[in-house]
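As C-alpha coordinates, the structure follows; a few thoughts come after it.
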Amino acid sequence: MTTSNFLEPSKKKLWLAAIKPPMYSVAIIPILIGTAIAYQETGKFNPAIFWTFILSAIAILAWENLSNDVFDSETGIDKNKAHSVVNLTGNKTLVFWISILFLVSGISGILAIGYWQGDGIVLGLVSLCCALGYTYQGPPFRLGYRGLGEIICFLTFGPMAIEAAYYSQAGTFSLPSLAASVLIGITTSIILFCSHFHQVEDDIAAGKKSPIVRLGTALGSRVLARVTFLVYLLVAIGIPAGIYPMATALIFLSFPFAWQLVRHVGRNHDRPDLVSNCKFLAVNLHFFSGIFLVAGYLLSA
(Lines give C-alpha, C1' and ligand atoms only; values in the text may rest on other atoms or scores of the structure.)
Protein backbone atom coordinates (compact mmCIF):
# COMPACT_ATOMS: atom_id res chain seq x y z
CA MET A 1 0.00 0.00 0.00
CA THR A 2 1.41 3.37 -1.01
CA THR A 3 1.35 6.40 1.23
CA SER A 4 -1.02 8.23 -1.12
CA ASN A 5 -3.50 5.32 -1.03
CA PHE A 6 -3.26 5.18 2.74
CA LEU A 7 -4.06 8.87 3.06
CA GLU A 8 -6.86 8.87 0.48
CA PRO A 9 -10.29 9.22 2.14
CA SER A 10 -12.41 6.10 1.97
CA LYS A 11 -15.52 6.04 -0.19
CA LYS A 12 -17.61 5.70 2.95
CA LYS A 13 -16.21 8.93 4.37
CA LEU A 14 -16.73 10.71 1.07
CA TRP A 15 -20.35 9.58 0.92
CA LEU A 16 -20.94 10.70 4.52
CA ALA A 17 -19.43 14.07 3.63
CA ALA A 18 -21.63 14.25 0.53
CA ILE A 19 -24.85 13.35 2.34
CA LYS A 20 -23.98 15.66 5.26
CA PRO A 21 -26.25 14.08 7.94
CA PRO A 22 -25.56 16.80 10.57
CA MET A 23 -26.76 19.48 8.15
CA TYR A 24 -30.32 18.16 8.30
CA SER A 25 -30.74 19.78 11.70
CA VAL A 26 -31.18 22.92 9.58
CA ALA A 27 -34.49 21.45 8.39
CA ILE A 28 -35.59 20.13 11.78
CA ILE A 29 -34.85 23.02 14.16
CA PRO A 30 -37.27 25.55 12.55
CA ILE A 31 -40.13 23.02 12.80
CA LEU A 32 -39.30 22.36 16.45
CA ILE A 33 -39.18 26.08 17.22
CA GLY A 34 -42.45 26.94 15.46
CA THR A 35 -44.22 23.97 17.05
CA ALA A 36 -42.88 24.75 20.54
CA ILE A 37 -43.99 28.38 20.37
CA ALA A 38 -47.43 27.35 19.08
CA TYR A 39 -47.76 24.98 22.03
CA GLN A 40 -46.50 27.60 24.48
CA GLU A 41 -49.01 30.19 23.23
CA THR A 42 -52.07 28.09 22.39
CA GLY A 43 -51.58 24.69 24.02
CA LYS A 44 -52.17 23.05 20.62
CA PHE A 45 -50.07 20.17 19.33
CA ASN A 46 -50.96 17.85 16.45
CA PRO A 47 -48.45 14.96 16.31
CA ALA A 48 -49.47 13.90 12.77
CA ILE A 49 -48.87 17.38 11.40
CA PHE A 50 -45.62 17.73 13.34
CA TRP A 51 -44.05 14.50 12.08
CA THR A 52 -45.31 15.03 8.54
CA PHE A 53 -43.73 18.49 8.54
CA ILE A 54 -40.42 17.14 9.91
CA LEU A 55 -40.17 14.43 7.23
CA SER A 56 -41.24 16.85 4.50
CA ALA A 57 -38.64 19.41 5.56
CA ILE A 58 -35.90 16.77 5.49
CA ALA A 59 -36.98 15.64 2.00
CA ILE A 60 -37.05 19.21 0.70
CA LEU A 61 -33.59 19.92 2.09
CA ALA A 62 -32.32 16.73 0.43
CA TRP A 63 -33.71 18.08 -2.86
CA GLU A 64 -31.93 21.36 -2.34
CA ASN A 65 -28.60 19.76 -1.47
CA LEU A 66 -28.68 17.34 -4.41
CA SER A 67 -29.90 19.88 -6.94
CA ASN A 68 -27.22 22.33 -5.78
CA ASP A 69 -24.61 19.65 -6.49
CA VAL A 70 -26.05 19.31 -9.99
CA PHE A 71 -26.07 23.06 -10.62
CA ASP A 72 -22.57 23.50 -9.21
CA SER A 73 -21.28 20.74 -11.48
CA GLU A 74 -22.38 22.86 -14.45
CA THR A 75 -20.25 25.84 -13.40
CA GLY A 76 -17.13 23.82 -12.56
CA ILE A 77 -16.95 25.15 -9.02
CA ASP A 78 -17.01 21.60 -7.60
CA LYS A 79 -14.25 20.18 -9.81
CA ASN A 80 -11.99 19.81 -6.74
CA LYS A 81 -14.79 18.68 -4.43
CA ALA A 82 -14.30 14.94 -3.98
CA HIS A 83 -17.47 14.59 -1.89
CA SER A 84 -19.81 16.10 -4.48
CA VAL A 85 -22.60 13.57 -5.13
CA VAL A 86 -22.28 14.25 -8.85
CA ASN A 87 -18.54 13.57 -8.74
CA LEU A 88 -19.03 10.42 -6.68
CA THR A 89 -21.69 8.96 -8.97
CA GLY A 90 -20.49 10.40 -12.25
CA ASN A 91 -24.15 10.66 -13.25
CA LYS A 92 -25.53 14.20 -13.10
CA THR A 93 -28.87 13.22 -14.64
CA LEU A 94 -29.51 10.50 -12.06
CA VAL A 95 -28.71 12.85 -9.18
CA PHE A 96 -31.05 15.48 -10.65
CA TRP A 97 -34.01 13.10 -10.88
CA ILE A 98 -33.40 11.72 -7.40
CA SER A 99 -33.50 15.30 -6.15
CA ILE A 100 -36.84 15.82 -7.92
CA LEU A 101 -38.18 12.68 -6.22
CA PHE A 102 -37.26 14.15 -2.84
CA LEU A 103 -38.95 17.43 -3.75
CA VAL A 104 -42.16 15.69 -4.80
CA SER A 105 -42.13 13.65 -1.58
CA GLY A 106 -41.66 16.75 0.55
CA ILE A 107 -44.34 18.77 -1.19
CA SER A 108 -46.73 15.81 -0.94
CA GLY A 109 -46.38 15.94 2.85
CA ILE A 110 -47.07 19.67 2.85
CA LEU A 111 -50.14 19.08 0.66
CA ALA A 112 -51.37 16.60 3.28
CA ILE A 113 -50.97 19.25 6.00
CA GLY A 114 -52.95 21.72 3.87
CA TYR A 115 -55.68 19.13 3.37
CA TRP A 116 -55.92 18.46 7.11
CA GLN A 117 -56.07 22.19 7.85
CA GLY A 118 -58.41 23.07 5.03
CA ASP A 119 -56.30 25.89 3.57
CA GLY A 120 -53.16 26.42 1.55
CA ILE A 121 -51.21 28.83 3.76
CA VAL A 122 -48.49 26.36 4.75
CA LEU A 123 -48.20 25.11 1.17
CA GLY A 124 -47.82 28.68 -0.06
CA LEU A 125 -45.06 29.48 2.45
CA VAL A 126 -43.16 26.26 1.78
CA SER A 127 -43.51 26.68 -1.99
CA LEU A 128 -42.05 30.17 -1.68
CA CYS A 129 -39.18 28.71 0.37
CA CYS A 130 -38.54 26.18 -2.41
CA ALA A 131 -38.64 28.88 -5.07
CA LEU A 132 -36.11 30.99 -3.17
CA GLY A 133 -34.03 27.88 -2.55
CA TYR A 134 -33.90 27.26 -6.28
CA THR A 135 -32.70 30.78 -7.01
CA TYR A 136 -29.73 30.16 -4.70
CA GLN A 137 -27.86 27.99 -7.22
CA GLY A 138 -30.37 27.27 -9.98
CA PRO A 139 -30.05 28.83 -13.45
CA PRO A 140 -30.56 31.48 -14.62
CA PHE A 141 -30.58 33.10 -11.19
CA ARG A 142 -27.61 31.61 -9.29
CA LEU A 143 -28.00 34.27 -6.60
CA GLY A 144 -25.52 32.43 -4.41
CA TYR A 145 -22.85 33.36 -6.94
CA ARG A 146 -23.71 37.01 -6.30
CA GLY A 147 -23.23 36.70 -2.56
CA LEU A 148 -26.95 36.60 -1.70
CA GLY A 149 -27.08 33.06 -0.33
CA GLU A 150 -26.99 34.10 3.31
CA ILE A 151 -30.00 36.38 2.84
CA ILE A 152 -31.93 33.53 1.20
CA CYS A 153 -30.93 31.20 4.06
CA PHE A 154 -32.07 33.73 6.65
CA LEU A 155 -35.50 34.14 5.08
CA THR A 156 -36.25 30.53 4.19
CA PHE A 157 -34.95 28.76 7.30
CA GLY A 158 -35.85 31.61 9.64
CA PRO A 159 -39.08 33.63 9.36
CA MET A 160 -40.73 31.65 6.55
CA ALA A 161 -40.08 28.13 7.87
CA ILE A 162 -40.84 28.95 11.50
CA GLU A 163 -44.01 30.86 10.70
CA ALA A 164 -45.13 27.94 8.51
CA ALA A 165 -44.48 25.50 11.35
CA TYR A 166 -46.31 27.75 13.80
CA TYR A 167 -49.27 28.11 11.46
CA SER A 168 -49.43 24.36 10.87
CA GLN A 169 -50.21 23.91 14.57
CA ALA A 170 -52.02 27.10 15.57
CA GLY A 171 -53.80 28.08 12.34
CA THR A 172 -52.62 31.67 12.68
CA PHE A 173 -49.39 33.71 12.74
CA SER A 174 -47.45 35.03 15.72
CA LEU A 175 -45.11 37.93 16.45
CA PRO A 176 -43.23 35.95 19.16
CA SER A 177 -42.49 33.19 16.64
CA LEU A 178 -41.28 35.85 14.21
CA ALA A 179 -38.94 37.19 16.90
CA ALA A 180 -37.55 33.70 17.51
CA SER A 181 -37.16 33.15 13.77
CA VAL A 182 -34.67 36.01 13.60
CA LEU A 183 -32.33 34.07 15.90
CA ILE A 184 -32.62 30.85 13.92
CA GLY A 185 -32.31 32.70 10.62
CA ILE A 186 -29.01 34.19 11.79
CA THR A 187 -27.53 30.89 12.99
CA THR A 188 -28.55 29.18 9.74
CA SER A 189 -26.92 31.90 7.66
CA ILE A 190 -23.78 31.51 9.77
CA ILE A 191 -23.48 27.91 8.55
CA LEU A 192 -23.48 28.99 4.92
CA PHE A 193 -21.15 31.91 5.67
CA CYS A 194 -18.65 29.51 7.24
CA SER A 195 -18.73 27.17 4.24
CA HIS A 196 -16.92 29.79 2.12
CA PHE A 197 -13.72 30.23 4.14
CA HIS A 198 -11.88 27.19 2.78
CA GLN A 199 -12.87 27.52 -0.90
CA VAL A 200 -11.99 31.10 -1.77
CA GLU A 201 -9.76 30.11 -4.70
CA ASP A 202 -12.38 27.80 -6.24
CA ASP A 203 -15.06 30.47 -5.79
CA ILE A 204 -12.93 33.11 -7.50
CA ALA A 205 -12.11 30.73 -10.36
CA ALA A 206 -15.82 30.03 -10.90
CA GLY A 207 -16.79 33.69 -10.66
CA LYS A 208 -18.66 33.21 -7.39
CA LYS A 209 -18.64 36.40 -5.33
CA SER A 210 -19.33 34.86 -1.95
CA PRO A 211 -19.21 37.13 1.11
CA ILE A 212 -15.73 35.82 1.94
CA VAL A 213 -14.49 36.54 -1.59
CA ARG A 214 -15.81 40.08 -1.22
CA LEU A 215 -14.61 40.66 2.34
CA GLY A 216 -11.47 38.54 2.53
CA THR A 217 -10.98 35.90 5.22
CA ALA A 218 -9.62 38.25 7.90
CA LEU A 219 -12.51 40.71 7.78
CA GLY A 220 -14.91 37.80 7.26
CA SER A 221 -13.77 36.23 10.54
CA ARG A 222 -14.47 39.50 12.37
CA VAL A 223 -17.90 39.80 10.77
CA LEU A 224 -18.61 36.21 11.84
CA ALA A 225 -17.71 37.04 15.45
CA ARG A 226 -20.01 40.07 15.57
CA VAL A 227 -22.96 38.32 13.94
CA THR A 228 -22.56 35.28 16.21
CA PHE A 229 -22.54 37.35 19.37
CA LEU A 230 -25.50 39.35 18.04
CA VAL A 231 -27.71 36.29 18.63
CA TYR A 232 -27.01 36.40 22.36
CA LEU A 233 -27.25 40.17 22.51
CA LEU A 234 -30.74 40.04 20.98
CA VAL A 235 -31.86 37.55 23.62
CA ALA A 236 -30.24 39.57 26.43
CA ILE A 237 -32.16 42.65 25.27
CA GLY A 238 -35.33 40.80 24.28
CA ILE A 239 -36.00 39.02 27.59
CA PRO A 240 -36.36 42.15 29.76
CA ALA A 241 -38.28 43.78 26.89
CA GLY A 242 -40.81 40.94 27.00
CA ILE A 243 -39.98 39.77 23.46
CA TYR A 244 -38.68 36.40 24.63
CA PRO A 245 -39.83 34.41 27.69
CA MET A 246 -37.43 34.33 30.64
CA ALA A 247 -36.76 30.61 30.14
CA THR A 248 -35.26 31.26 26.69
CA ALA A 249 -32.18 32.43 28.58
CA LEU A 250 -31.30 28.73 28.31
CA ILE A 251 -29.86 29.63 24.90
CA PHE A 252 -26.81 30.99 26.73
CA LEU A 253 -25.88 27.37 27.49
CA SER A 254 -24.92 27.14 23.82
CA PHE A 255 -22.40 29.98 24.13
CA PRO A 256 -19.38 27.61 24.39
CA PHE A 257 -20.20 26.42 20.85
CA ALA A 258 -20.29 30.02 19.67
CA TRP A 259 -16.96 30.74 21.31
CA GLN A 260 -15.40 27.61 19.84
CA LEU A 261 -16.53 28.61 16.34
CA VAL A 262 -15.40 32.23 16.56
CA ARG A 263 -12.02 31.35 18.07
CA HIS A 264 -11.35 28.59 15.53
CA VAL A 265 -12.15 30.78 12.52
CA GLY A 266 -10.29 33.75 14.00
CA ARG A 267 -7.12 31.69 14.30
CA ASN A 268 -7.36 29.75 11.03
CA HIS A 269 -9.40 31.90 8.62
CA ASP A 270 -6.60 31.94 6.03
CA ARG A 271 -5.71 28.25 6.30
CA PRO A 272 -8.15 26.24 4.16
CA ASP A 273 -6.94 22.87 5.48
CA LEU A 274 -7.72 23.86 9.08
CA VAL A 275 -10.76 26.09 8.64
CA SER A 276 -12.68 23.69 6.37
CA ASN A 277 -14.44 22.10 9.35
CA CYS A 278 -15.82 25.40 10.68
CA LYS A 279 -19.21 24.88 9.00
CA PHE A 280 -19.69 21.84 11.23
CA LEU A 281 -18.84 23.93 14.28
CA ALA A 282 -21.51 26.33 12.99
CA VAL A 283 -23.94 23.39 12.74
CA ASN A 284 -23.24 22.61 16.40
CA LEU A 285 -24.01 26.22 17.31
CA HIS A 286 -27.23 26.18 15.26
CA PHE A 287 -28.40 22.86 16.71
CA PHE A 288 -27.70 23.48 20.38
CA SER A 289 -28.86 27.11 20.40
CA GLY A 290 -32.05 25.92 18.70
CA ILE A 291 -32.60 23.03 21.12
CA PHE A 292 -32.09 25.26 24.17
CA LEU A 293 -34.47 27.80 22.66
CA VAL A 294 -37.09 25.08 22.14
CA ALA A 295 -36.61 23.98 25.77
CA GLY A 296 -37.09 27.57 26.92
CA TYR A 297 -40.41 27.91 25.12
CA LEU A 298 -41.65 24.53 26.35
CA LEU A 299 -40.72 25.42 29.94
CA SER A 300 -42.70 28.65 29.50
CA ALA A 301 -45.82 26.79 28.36
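Here the structure is a predicted model, which means the values were calculated and not measured.
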Could you grab the distance from atom CZ of Arg214 to atom CD1 of Ile212, nearest 0.5 Å is fine?
12.0 Å

Between Ser56 (side chain) and Gly106 (backbone), is there a donor-acceptor pair under 3.5 Å?
yes

Output, in order, the C-alpha distance, side-chain angles, deciding distance and verdict of side chain to side chain contact (heavy atoms under 4.5 Å, CB included) for Ser127 and Ile110.
CA-CA 9 Å; Ser127 296; Ile110 302 301; over 6 Å; no

For the hydrophobic clusters of this structure (ILVMFWY residues joined by side-chain heavy atoms under 4.5 Å, transitively), does one cluster hold both Leu101 and Val126?
no

For the pair Trp63 and Val104, evaluate side chain to side chain contact (heavy atoms under 4.5 Å, CB included) and give the outcome as yes or no after the intermediate values.
CA-CA 9 Å; Trp63 158 73; Val104 171; over 6 Å; no

Rounded to the nearest 0.5 Å, what separates atom CG in Leu123 from atom OH in Tyr115?
15.5 Å

Going by the ring-ring contact (aromatic ring centres under 6.0 Å, His included) test, which pairs reach into residues 205-233, not counting sequence neighbours?
Phe229-Phe255, Tyr232-Phe252, Tyr232-Phe255

Is the closest side-chain heavy-atom distance between Thr248 and Pro245 below 4.5 Å?
yes

Donor-acceptor pairs under 3.5 angstrom involving side-chain atoms of residues 215-223: please list them, not counting sequence neighbours.
from	atom 1	to	atom 2	distance (Å)
Thr217	OG1	His269	ND1	2.9
Ser221	OG	Ala218	O	2.6

Are the side chains of Tyr167 and Gln117 in contact, using a 4.5 Å heavy-atom criterion?
yes

How far apart are the closest heavy atoms of Val262 and Ala225, and which atoms are they?
CG1-CB, 3.6 Å

Between the CG atom in Leu299 and the CE atom in Met246, the distance rounded to the nearest 0.5 Å is 13.0 Å

Tell me, do Leu224 and Leu261 make a side-chain contact under 4.5 Å, heavy atoms counted?
yes

Which class fits the ring pair Phe257 and Phe288: parallel under 30°, tilted 30 to 60°, perpendicular over 60°?
parallel

So do Phe154 and Pro159 actually touch side chain to side chain, heavy atoms under 4.5 Å?
yes

Within the side chain of Ser181, is there an N or O that forms a donor-acceptor pair under 3.5 Å with the backbone of Leu178?
yes

For Asn277 and His264, which I'm curious about, is there any donor-acceptor pair between the side chains at under 3.5 Å?
yes

Looking only at non-hydrogen atoms, find the nearest pair between Ala161 and Cys129 and report the distance.
N-SG, 4.3 Å

Can you tell me if Glu150 uses its side chain to pair, donor with acceptor, with the backbone of Ile190 under 3.5 Å?
no

Can you find a heavy atom in the side chain of Leu285 that is under 4.5 Å from one in the side chain of Gln260?
no

Tightest non-hydrogen contact, residues Cys278 and Val265, listed as CB-CG2, 3.6 Å

Can you see which heavy atom on Gly290 is nearest to which on Ile33, and at what distance?
O-CD1, 3.6 Å

How close do Ala180 and Ile37 get, counting heavy atoms only, and between which atoms?
CB-CD1, 3.6 Å

Is there a donor-acceptor pair closer than 3.5 Å between any side-chain N or O of Gln169 and the backbone N or O of Gly34?
no

Any side-chain to backbone donor/acceptor pair from Ser99 onto Phe96? Under 3.5 Å, distance only.
yes

For residues Phe157 and Ile184, determine if any side-chain heavy atom of one lies less than 4.5 Å from a side-chain heavy atom of the other.
no

Trp116, CH2: over 12 other non-hydrogen atoms inside 6.0 angstrom:
yes

What distance do Ser25 atom OG and Ile191 atom CD1 have between them, rounded to the nearest 0.5 Å?
6.0 Å

Leu143 side chain near Tyr136 side chain, heavy-atom distance below 4.5 Å
no

Under the criterion side chain to side chain contact (heavy atoms under 4.5 Å, CB included), I'd like the reasoning laid out for His198 against Leu274: C-alpha separation, chi angles, the key distance, then a yes or no.
CA-CA 8 Å; His198 71 288; Leu274 295 179; over 6 Å; no

Taking atom types as modelled, find out whether Glu163 and Ser177 have a side-chain donor-acceptor pair closer than 3.5 angstrom.
yes

Are any side-chain N or O atoms of Asn268 and backbone N or O atoms of Arg271, one a donor and one an acceptor, separated by less than 3.5 Å?
no

Look up atom CD1 in Ile113 and atom CD1 in Ile121, then write down how far apart they are to the nearest 0.5 Å.
13.5 Å

Atom CG in Leu230, atom CG in Leu183: separation rounded to 0.5 Å?
8.5 Å

Smallest separation among heavy atoms of Cys130 and Ile107, with atom names:
SG-CD1, 4.1 Å

Decide side chain to side chain contact (heavy atoms under 4.5 Å, CB included) for His196 and Lys208; before the verdict, give the C-alpha distance in whole Å, the side-chain angles of both, and the deciding distance to 0.1 Å.
CA-CA 10 Å; His196 302 305; Lys208 184 175 183 179; 4.1 Å; yes

Donor-acceptor pair, side chain of Thr35 and main chain of Leu32, under 3.5 angstrom
no

Cluster check Ile49, Leu55: I/L/V/M/F/W/Y, side chain < 4.5 angstrom:
no

Applying the 4.5 Å side-chain criterion to the ILVMFWY set and letting contacts propagate, would Leu298 and Ile54 be lumped into a single cluster?
yes

Under a 3.5 Å cutoff, is there a donor and acceptor pairing between the side chains of Gln137 and Tyr145?
no

Working for side-chain hydrogen bond (donor to acceptor under 3.5 Å, both in side chains), residues Glu41 and Tyr166:
CA-CA 10 Å; Glu41 291 190 335; Tyr166 182 96; 2.5 Å; yes

Is the distance between the ring centroids of Phe71 and Tyr134 under 6.0 Å?
yes

Heavy-atom side-chain contact between Leu293 and Tyr244 under 4.5 Å
no

Do the side chains of Ile186 and Leu233 join up, straight or via other hydrophobic residues, at under 4.5 Å, putting them in one cluster?
yes

